[in-house]
Q: 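First the structure, then my questions, so here it is.
We count residues from 1, following the sequence as given. Each ligand, and each atom within it, is numbered from 1 in the order the structure gives. This one's a predicted model, so the numbers in the text were calculated from it and none came from an experiment.
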Amino acid sequence: MEQYIIKGGNPLVGEVEIGGAKNAALAILAAAIMTDETVFIDNLPDVNDINVLLDAIAGIGASVHRVDRHAVKINGKGVSDFNIEYDYMKKIRASYYLLGALLGKYKRAEVALPGGCNIGSRPIDQHLKGFRALGADVEIEHGKIIAEADRLVGKHIYFDVVSVGATINVMMAAAMAEGLTILENVAKEPHVVDVANFLNSMGANIRGAGTDVIKIRGVHRLHRTEYSVIPDQIEAGTFMFAAAATRGDVTVCNVIPKHLEATIAKLLEIGCEVEEFDDAVRVVSKGRLTSTHVKTLPYPGFPTDMQPQIGVTLALCEGTSMVTESIFENRFKYLDELARMGANVKIEGNSATIEGVKGFSGARVSAPDLRAGAALCIAGLAADGITIVDDIVYIQRGYERFEEKLKSLGGIIERVQSEKDIRKFTLKVS
Ligand code: UD1
């Protein structure tokens, strides 16, 4: 099992290139099978989740040609199997995007039902509600979702909760339904807009993505396209909070600053300097930062995927901060690990009260999930002494060359495999 070992105390300084948005790319790759023509997709992050989904897509008969680390050509003409096995779903929940893609194009899909996950129970009732409204017969049998339709017909659908996954999944199916679909109370995340833009570049007719209402006029067929995925706002935000927590000076490059507004607002509130450029943002953190309150909300609110990164930073800010998690119920596990590094935290329901401390002391901690794992690395970089982060497979699901990027900013971090590697690192840095 690989681990990260970190010697903290160095401020992160320099420029870091941000990759393509994992969560946009996952949906776009699934949507790529909705045409018989070849689709070229660029600016993909080279992370485990993407590679697993590409395997799932190849597994149902599509041709997948990896052009290079960040680009792929997909041709969905050979799709002959409409069944996505539990093995894929277990590894990556977003395989459920193949449900909307297959149902839209072939009017048939069988996908293993995703279970809960480390950040909480994650129902998909809104996805299924949308498919049913479009006319699909959706059954759950033997742990699988089986969706079938003779024809899909556009409908007026109101989502009961704002869901990124349901918005994208139903939008994909509706792109090839007959007539007009109106989706209300939809998610407005940048990746929802990116998937709509991608589908439109294939000939779909989707308007309003990025607002509360999306209107989709179904088309009979979709065609070839070349498309570049948007930059990853969560990867960018992670490095921005790493700059803040380590009292550093980091410029995240190849980003869309507009997508980072909530993150920038919080960094300014705690006392960082933030400079925005056309496609870059610089974060400078000097002296002791001050506390603030934050509540996670759907976009444009503060993203739940940034909650652990801000939580770690607030644990080093002067004063008392309150963090409220309103999207997922189980996203504070990292705070128990952080307490082992000296943080002063109290969790009550979906709120955490964080009393800032002057510093963390390095400890051995476990990554409870993807974003929390990245946040614990930030804590390690800011801590006094050595931190070992276990279970980094979670981090590798969503961050490309994470340790290399941190090293390029002056962070002292290595990926290690054994106690021997740990001893070697400790000797080297002591
Ligand atoms: C996506 C992101 C994830 C991010 C989350 C919220 C991907 C692959 N993952 O997850 O990183 O943390 O958005 O920004 O893009 N819900 C229901 N019924 C449903 C669907 C969702 O009740 O049918 C609830 C969820 O339990 C949760 C909330 O709605 O409380 C938001 O979930 P959703 O936006 O669907 O998250 P995901 O799309 O799974």
Q: Using a 4.0 Å cutoff against the non-hydrogen atoms of R331, which atoms of ligand 1 qualify?
A: 12 (O)

Q: Around atom 22 (O) of ligand 1, find the nearest protein heavy atom and jot down its residue, atom name and distance.
A: P123 CG, 3.4 Å

Q: Under 3.5 Å, which donor-acceptor pairs do the side chains of residues 340-350 form with other protein atoms, sequence neighbours left out?
A:
unit_1: R340; atom_1: NH1; unit_2: R364; atom_2: O; d: 2.4
unit_1: R340; atom_1: NH2; unit_2: R364; atom_2: O; d: 3.3
unit_1: N350; atom_1: ND2; unit_2: E325; atom_2: O; d: 3.2

Q: To check your reading of the model: name the closest protein heavy atom to atom 27 (C) of ligand 1, its residue, and the distance in Å.
A: I327 O, 3.4 Å

Q: Considering the options R69, R401, K22, which one meets the salt bridge (charged side-chain N to carboxylate O under 4.0 Å, His left out) requirement together with D46?
A: R69

Q: Looking at every heavy atom in both I18 and A236, which two are closest together, and how far apart are they?
A: CD1-CA, 3.7 Å

Q: Would you say ligand 1 has an N or O under 3.5 Å from any N or O of R122?
A: yes

Q: Report the residues that fulfil side chain to side chain contact (heavy atoms under 4.5 Å, CB included) with S291, sequence neighbours left out, ordered by chain and then residue number.
A: S321

Q: Polar-atom distance check: Q126 versus ligand 1, any N or O pair below 3.5 Å?
A: yes

Q: Scan side-chain atoms only and decide if Q309 and T238 contain a donor-acceptor pair under the 3.5 Å cut-off.
A: yes

Q: Between N200 and I206 (side chain of the first, backbone of the second, donor and acceptor by atom type, cut-off under 3.5 Å), is there such a pair?
A: yes

Q: May I ask you to check whether A94 has an N/O atom sitting below 3.5 Å from an N/O atom of ligand 1?
A: no

Q: Of the backbone atoms (N, CA, C, O) and the side-chain heavy atoms from C-beta on, which set of A166 has a member under 4.0 Å from an atom of ligand 1: side chain, backbone, both, or neither?
A: neither

Q: How close does the nearest protein non-hydrogen atom get to atom 1 (C) of ligand 1, and which residue and atom is it?
A: V164 CB, 4.0 Å

Q: Have a look at K188 and tell me which of T211, D212, T167 forms a side chain to side chain donor-acceptor pair (under 3.5 Å) with it.
A: D212

Q: Provide, to 0.1 Å, the distance between atom 11 (O) of ligand 1 and the closest protein heavy atom, together with that atom's residue and name.
A: D305 OD2, 2.6 Å

Q: Have a look at ligand 1 and work out which part of V161, if any, has a heavy atom under 4.0 Å from it: side chain, backbone, both or neither.
A: side chain

Q: Say whether E355 and T320, considering side chains only, have a donor N or O and an acceptor N or O under 3.5 Å apart.
A: yes

Q: Provide, to 0.1 Å, the distance between atom 2 (C) of ligand 1 and the closest protein heavy atom, together with that atom's residue and name.
A: N23 ND2, 3.4 Å

Q: Check whether any N or O atom of T304, backbone or side chain, sits under 3.5 Å from an N or O atom of ligand 1, and answer yes or no.
A: no

Q: F328 versus ligand 1: do any nitrogen or oxygen atoms come within less than 3.5 Å of each other?
A: no

Q: Does any donor atom in the side chain of Y334 or Q307 lie under 3.5 Å from an acceptor atom in the other side chain?
A: yes

Q: If the contact criterion is a heavy-atom separation under 4.0 Å, does V162 count as touching ligand 1?
A: yes

Q: Distance to 0.1 Å, residue and atom name: give those for the protein heavy atom nearest to atom 38 (O) of ligand 1.
A: G165 N, 2.8 Å

